[in-house]
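Presented below is the structure to which this report refers.
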There are 10 protein chains.
Amino acid sequence: MTEMMTKEDVTAMILSAKKTTGITWEEIADKISMSPVWTHSAAMGMNAFPPDKAALMVKVMGLPQEAESALSESPTKIWEQAVPTDPCIYRFYEIVGVYGPTLKALIQEKFGDGIMSAIDFDMTVTRVENLKGDRVKVEMSGKYLGYNSW
Amino acid sequence: MTEMMTKEDVTAMILSAKKTTGITWEEIADKISMSPVWTHSAAMGMNAFPPDKAALMVKVMGLPQEAESALSESPTKIWEQAVPTDPCIYRFYEIVGVYGPTLKALIQEKFGDGIMSAIDFDMTVTRVENLKGDRVKVEMSGKYLGYNSW
Amino acid sequence: MTEMMTKEDVTAMILSAKKTTGITWEEIADKISMSPVWTHSAAMGMNAFPPDKAALMVKVMGLPQEAESALSESPTKIWEQAVPTDPCIYRFYEIVGVYGPTLKALIQEKFGDGIMSAIDFDMTVTRVENLKGDRVKVEMSGKYLGYNSW
Amino acid sequence: MTEMMTKEDVTAMILSAKKTTGITWEEIADKISMSPVWTHSAAMGMNAFPPDKAALMVKVMGLPQEAESALSESPTKIWEQAVPTDPCIYRFYEIVGVYGPTLKALIQEKFGDGIMSAIDFDMTVTRVENLKGDRVKVEMSGKYLGYNSW
Amino acid sequence: MTEMMTKEDVTAMILSAKKTTGITWEEIADKISMSPVWTHSAAMGMNAFPPDKAALMVKVMGLPQEAESALSESPTKIWEQAVPTDPCIYRFYEIVGVYGPTLKALIQEKFGDGIMSAIDFDMTVTRVENLKGDRVKVEMSGKYLGYNSW
Amino acid sequence: MTEMMTKEDVTAMILSAKKTTGITWEEIADKISMSPVWTHSAAMGMNAFPPDKAALMVKVMGLPQEAESALSESPTKIWEQAVPTDPCIYRFYEIVGVYGPTLKALIQEKFGDGIMSAIDFDMTVTRVENLKGDRVKVEMSGKYLGYNSW
Amino acid sequence: MTEMMTKEDVTAMILSAKKTTGITWEEIADKISMSPVWTHSAAMGMNAFPPDKAALMVKVMGLPQEAESALSESPTKIWEQAVPTDPCIYRFYEIVGVYGPTLKALIQEKFGDGIMSAIDFDMTVTRVENLKGDRVKVEMSGKYLGYNSW
Amino acid sequence: MTEMMTKEDVTAMILSAKKTTGITWEEIADKISMSPVWTHSAAMGMNAFPPDKAALMVKVMGLPQEAESALSESPTKIWEQAVPTDPCIYRFYEIVGVYGPTLKALIQEKFGDGIMSAIDFDMTVTRVENLKGDRVKVEMSGKYLGYNSW
Amino acid sequence: MTEMMTKEDVTAMILSAKKTTGITWEEIADKISMSPVWTHSAAMGMNAFPPDKAALMVKVMGLPQEAESALSESPTKIWEQAVPTDPCIYRFYEIVGVYGPTLKALIQEKFGDGIMSAIDFDMTVTRVENLKGDRVKVEMSGKYLGYNSW
Amino acid sequence: MTEMMTKEDVTAMILSAKKTTGITWEEIADKISMSPVWTHSAAMGMNAFPPDKAALMVKVMGLPQEAESALSESPTKIWEQAVPTDPCIYRFYEIVGVYGPTLKALIQEKFGDGIMSAIDFDMTVTRVENLKGDRVKVEMSGKYLGYNSW
């Protein structure tokens with residue numbers, strides 16, 4: 001009985017192929033006609049590739065055929081650090097800590113009692129030129145979900 | 001020796017005045033010519049009002065004069081829950097957990113080794129109409145800060 | 001400036017009135033035409049009463065008029081114990097620990113890659129007679145939400 | 001002295017066989033005349049197969065003969081994350097956090113001082129069609145156990 | 001609206017009356033015809049008095065009449081310290097840490113796959129004379145509950 | 001320099017031999033004239049075998065000669081989970097949480113200010129037949145140790 | 001029903017009287033013929049005064065008569081910080097972290113498999129003059145307790 | 001490029017040589033003219049051997065020549081368990097919890113505001129004969145360090 | 001028996017007087033001839049004022065006479081958040097996380113196996129003008145303490 | 001597909017080469033014209049080498065050519081211990097705990113509401129001779145970042 005190829009195996013292969021070829025996440029995303037945020041996240045094993053995108057990804061990155069099914073499996077999303085230590089990721093955690101109650105208050109003011117979905121959700125990252133120093137722009141959009149009363 | 005008015009005291013007064021008058025965060029923000037996100041956050045005691053905005057806020061919300069200096073003090077930003085339980089705030093925490101490494105990878109691809117500042121930072125929340133259900137749009141912008149080597 | 005009535009204050013009044021009158025959660029729920037699960041949860045301050053239900057609740061429980069607006073405010077849902085100690089609540093935590101991966105696997109098998117919403121959600125608790133000892137039946141229903149790819 | 005086959009080994013074999021053959025959990029459950037929830041959970045090593053079901057499982061999944069005894073061993077039920085991160089599992093954790101006190105209050109109202117057993121327990125997951133989006137239905141049933149006084 | 005008497009209030013009254021009168025837990029237990037373990041635990045608010053025992057307790061300890069209903073309410077069992085620090089309680093925690101897997105293995109050997117109930121449960125503490133130093137004897141008895149397969 | 005045989009290695013050998021031969025813990029305990037609780041615990045590496053018992057254990061279980069010294073080494077008692085997740089072990093943790101203060105109060109009432117030793121300690125597990133369902137009986141006995149004042 | 005005097009109340013009185021009179025812990029200990037370590041610890045409510053010492057302490061510190069019974073009650077020993085932050089206490093925690101396995105190894109080498117009791121235990125702190133800087137000397141002595149096999 | 005020999009590797013070699021030869025920690029300490037506490041701790045990799053002692057240790061224990069430099073490297077002192085579970089080590093943790101504030105108070109009374117150094121520090125463990133049971137004596141001595149004001 | 005004035009009480013008085021008078025920490029430090037870092041820290045109750053500095057502080061800030069003895073008491077240094085959330089403090093925590101092993105390696109390279117004392121320690125904060133944005137300069141100096149071998 | 005060389009691999013090679021050649025961090029830093037703090041940190045994989053420094057480092061330490069790209073990759077900065085145990089690193093953590101609020105207060109007094117950047121940041125460690133014992137001097141400098149209001 002042979003070992004199955006896991007999502008971790010495929011992630012390692014993608015990173016290795018990316019390094020060898022020098023292709024960027026933007027370019028990979030472009031070639032599979034998806035956004036860079038989603039493409040990176042799915043390549044890291046945090047999202048599942050739809051079958052056609054899995055097939056495309058295998059071709060674009062030159063992966064072995066068995067990788068296709070691993071890419072389209074539903075991932076179990078696990079992060080080890082409740083409070084992330086990497087400064088780049090921590091700053092986003094800090095924003096949630098400082099502005100979480102504000103996001104909640106404004107969502108309620110504009111929509112009613114409910115939340116922004118993190119499932120029916122998309123996000124982009126862009127570089128905005130600025131004379132005082134370029135800025136990172138992050139745009140998130142999620143479906144509003146109102147609490148049910150029953 | 002009389003007790004000093006704290007930022008918590010002033011937050012309670014603002015919430016009470018807001019409830020009595022029915023004014024919204026959007027309207028308060030408008031009257032002090034600041035954004036709703038920043039206005040709510042500062043009213044909650046998570047940001048400091050510049051002196052002129054503190055004076056304006058006191059007038060707009062009908063606060064006692066002593067509130068002005070409390071509003072302009074530098075806050076100590078504390079959140080009690082390392083992992084927030086409120087579903088509306090948790091979803092943002094979840095996004096950092098799931099997409100944190102992706103945000104980091106794309107910032108590095110577009111800018112180099114560094115982070116998005118959470119200090120030289122601004123954010124907006126808007127409601128986007130959508131036939132399948134309106135969406136919450138959150139836009140963050142922070143200055144890119146590159147790591148120093150020395 | 002008078003103190004605002006909080007959701008905690010109203011919860012205490014409801015519990016006191018319930019004790020004095022001997023009314024059950026089933027009966028309260030019945031009088032406001034909502035389910036017992038939702039009614040208890042909203043009375044505990046974990047859900048917001050729609051305005052008409054808030055008005056009804058004030059009447060049914062003989063609460064002061066100011067309670068109405070507290071009842072209809074959006075709550076911040078906080079639980080202190082990451083792992084609950086009360087045996088009755090712990091058993092449900094244990095079920096999530098033991099059967100969580102199973103719930104995930106079957107949701108994916110039946111629906112695809114996604115989750116059961118805890119927002120567009122309802123639940124009932126019933127007593128089922130059984131010769132070997134009556135059983136507690138808990139039925140949850142939440143909207144399926146499929147992960148977005150973009 | 002040869003290595004014993006562990007429950008983890010057998011779980012890996014089952015997942016591999018399932019992937020190769022394309023059989024679903026529903027179908028496996030059907031073939032061994034057990035429910036899908038219990039079958040998946042036992043296949044993951046979180047429940048013990050009764051001897052006859054272990055024998056059947058070996059046959060249905062084409063496992064080596066030694067797997068039979070591993071399948072029928074009593075498992076030690078361990079979950080690593082006190083608060084699960086996977087969104088699909090977290091939502092159930094959130095339900096326990098938000099509705100735990102409600103479940104307790106209604107069990108006490110209907111039964112007295114006691115709990116729903118998580119041992120003498122069963123559960124089903126079904127897909128319910130709905131025009132506004134299909135729904136996940138989870139039904140749990142556990143024996144009521146009243147606290148002893150002595 | 002008067003404040004309700006809580007289980008904590010009644011516990012404080014019982015401790016005060018116990019100190020004033022010098023009565024022991026054994027004697028209190030005797031007078032209400034219950035065991036000392038259960039009596040202490042219920043007096044601390046960790047178990048509910050059946051109505052007749054609540055009435056008796058009020059009489060025995062000279063409590064105000066309103067205490068009766070507080071005594072018979074279902075408690076929410078909360079302990080603050082996941083790992084208890086008091087040496088007398090810690091030693092029992094240590095026993096669970098050291099001998100937990102052994103208790104599990106022997107229960108399974110003698111009964112099958114299941115647990116000892118902590119709900120249908122009773123316990124005694126006795127002093128056993130011994131020339132090398134008297135010994136504490138703790139006897140627990142709980143109903144065996146076998147895991148369900150379905 | 002050859003690898004030393006560790007207590008973990010010997011535990012694995014014992015479990016393997018036990019499975020192959022079908023011998024029970026009761027029977028092993030019998031053959032080495034020790035109690036089942038102690039025998040299991042020492043076989044798991046949580047207690048040290050006295051030299052003669054180590055020699056006997058090697059013979060009874062057919063272990064290699066080098067196992068003898070590993071069996072008689074003093075173990076470092078480590079448990080990974082501050083709060084155990086396995087339901088069978090958790091129930092004992094729950095008993096300590098709910099009844100810990102009661103055990104302490106009754107030990108003090110019967111002995112004075114002190115504790116039950118978890119070192120000069122023994123325990124048994126027995127099955128008690130009962131028409132309403134057989135019961136697990138756990139008996140612990142530990143030497144009373146009074147606090148020193150000096 | 002009057003409030004009982006707690007151990008915390010009495011500790012506050014002792015500290016206040018100590019400050020007013022300028023008496024040292026050494027002197028208090030001397031006057032009640034106990035050691036300074038034990039006296040301070042019992043005055044802080046971490047140990048129980050034997051009845052005669054409680055009576056003496058009341059006289060020495062000029063406490064109200066009711067303090068006597070509080071002083072002789074068995075304390076529940078609680079410390080809030082699993083890892084102490086005060087540098088003076090932390091250094092002892094650090095010593096346990098660094099030298100814990102060494103203490104264990106040497107106790108086993110000199111005594112066999114067992115522990116040093118923290119109950120039948122005493123300790124002194126002395127100042128040792130030294131030309132390179134005076135030194136703190138801490139001496140602990142606890143009864144050796146050997147593990148039981150049964 | 002060959003693998004460097006780590007402190008862990010050398011610790012394993014020392015333990016193996018110690019077991020084979022039956023030498024005790026006291027004897028090893030004697031042969032290198034250091035104390036048993038320090039010798040064990042350094043052998044475990046929690047302290048660095050001065051070069052001459054490293055050379056001696058290699059000779060005494062018959063270690064390979066490369067071990068010498070590993071023995072004299074500065075260790076990174078890591079302990080995994082914030083609260084140790086092994087009963088022998090836990091008792092020392094408990095002593096710090098119960099008597100930490102007492103140690104602090106007496107150090108301040110005898111020396112002023114400062115601490116006992118855990119760096120300029122030494123410790124011994126001895127066996128003290130006693131008719132009621134032999135006792136473990138632990139003596140610590142650390143330089144007093146007074147807080148700086150500047 | 002009157003309540004003693006605590007260090008917290010005095011800190012509140014100092015902050016209030018500082019606000020009323022508009023004096024800065026630099027100016028306060030100047031008036032008592034100590035550094036600003038130490039002065040703020042001692043005013044916050046994290047260091048003890050030497051008697052003469054306590055007397056001076058009382059005069060400078062217009063505190064009641066009883067404050068003097070509270071200012072010169074040895075504090076118990078407690079911080080609640082193992083990981084600080086305030087961004088200004090967190091950045092220093094992050095520096096310890098990222099550069100801790102580097103600080104250790106360079107101290108060892110320059111001094112040998114030991115540490116920088118946090119007790120015989122001083123620190124300054126200065127503003128350094130810079131065309132690209134002024135910089136915060138933090139200088140720490142602590143006595144080197146070499147590990148003892150014995 | 002060959003395994004990529006990771007930052008961990010290269011760190012191990014650097015440490016090995018450093019040990020073999022006896023070169024110090026100061027000397028390595030000198031040869032690549034960077035500071036010792038930054039050089040050590042980057043060699044440990046906590047900072048990225050600019051391409052030219054990576055090339056130089058490969059030459060100076062005699063690393064294989066593939067190491068160059070690993071050295072210049074952006075690291076993910078992870079530290080496992082929220083509270084570090086090594087005494088040398090812990091002392092810096094303690095300084096942040098004790099003096100964190102002071103650093104914040106003085107930065108605000110000198111600059112306004114903001115922080116010291118940990119990204120646009122540099123640090124040095126020097127040995128300062130002193131008759132009472134040499135001292136470790138740590139100098140940090142980070143750009144002041146003022147909070148944005150918008």
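- Contact count versus chain F (heavy atoms, under 4.5 Å) is highest, among E/Asp86, E/Ile78, E/Val128, for E/Asp86.
- With a threshold of 4.5 angstrom between heavy atoms, F/Glu94 approaches chain E through its backbone and through its side chain.
- For the set E/Thr124, E/Val37, E/Asn47, the entry with the most heavy-atom pairs within less than 4.5 Å of chain F is E/Val37.
- Across F/Tyr99 and E/Met123, no two heavy atoms sit closer than the pair CB-CE, 3.4 Å.
- Among F/Gln81, F/Lys77, F/Lys143, the residue with the largest count of heavy-atom pairs under 4.5 Å with chain E is F/Lys143.
- The shortest heavy-atom contact between E/Cys88 and F/Gly114 is SG-O, 3.8 Å.
- Contact between E/Ile95 and F/Ala118 at its shortest, heavy atoms only, is CG1-CB, 3.9 Å.
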- Task: Determine, stepwise, if the pair F/Leu103 / E/Ile89 fulfils side chain to side chain contact (heavy atoms under 4.5 Å, CB included).
- Result: CA-CA 8 Å; F/Leu103 289 165; E/Ile89 303 176; over 6 Å; no
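- Of the options F/Arg135, F/Glu139, F/Lys137, a side-chain hydrogen bond (donor to acceptor under 3.5 Å, both in side chains) to E/Ser141 is made by F/Arg135 and by none of the others.
- Contacts of F/Glu26 with chain E are made by both backbone and side-chain atoms, with heavy-atom separations under 4.5 Å.
- In plain terms, the two heavy atoms of F/Lys110 and E/Val125 that are nearest each other are CE-O, 3.2 Å.
- Proximity to chain F involves both the backbone and the side chain of E/Phe121, based on heavy atoms less than 4.5 angstrom apart.
- At most 12 heavy atoms of other shown residues, nucleotides or ligands fall within 6.0 angstrom of atom NZ in F/Lys31.
- Contacts of F/Leu145 with chain E are absent, with no heavy-atom separation under 4.5 Å from either backbone or side chain.
- The number of heavy atoms from other shown groups lying within 6.0 Å of NZ (E/Lys59) does not exceed 12.
- At a 4.5 Å heavy-atom cutoff, the contact between F/Asp122 and chain E is made by backbone and side-chain atoms alike.
- The greatest number of non-hydrogen atom pairs below 4.5 Å with chain E, out of F/Met46, F/Lys132, F/Arg127, is found for F/Arg127.
- Nearest approach of E/Val83 to F/Ala82, heavy atoms of both residues: CG2-CB, 4.1 Å.
- Heavy-atom pairs under 4.5 Å with chain E peak, among F/Gly100, F/Gly97, F/Ser117, at F/Gly97.
- Using cut-offs of 30° and 60° for the angle between ring planes, the E/Tyr93 and F/Tyr93 rings count as perpendicular.
- The candidate from E/Pro101, E/Pro84, E/Gly133 with the greatest count of non-hydrogen atom pairs under 4.5 Å with chain F is E/Pro101.
- The contact between F/Tyr90 and chain E is made entirely by side chain atoms (from C-beta outward), counting heavy-atom distances below 4.5 Å.
- Proximity to chain E is absent for every atom of F/Asn130, based on heavy atoms less than 4.5 angstrom apart.
- Between F/Arg91 and E/Ile115, the closest heavy-atom pair is NE-CD1, 3.5 Å.
- The contact between F/Lys104 and chain E is made by backbone and side chain atoms together, counting heavy-atom distances below 4.5 Å.
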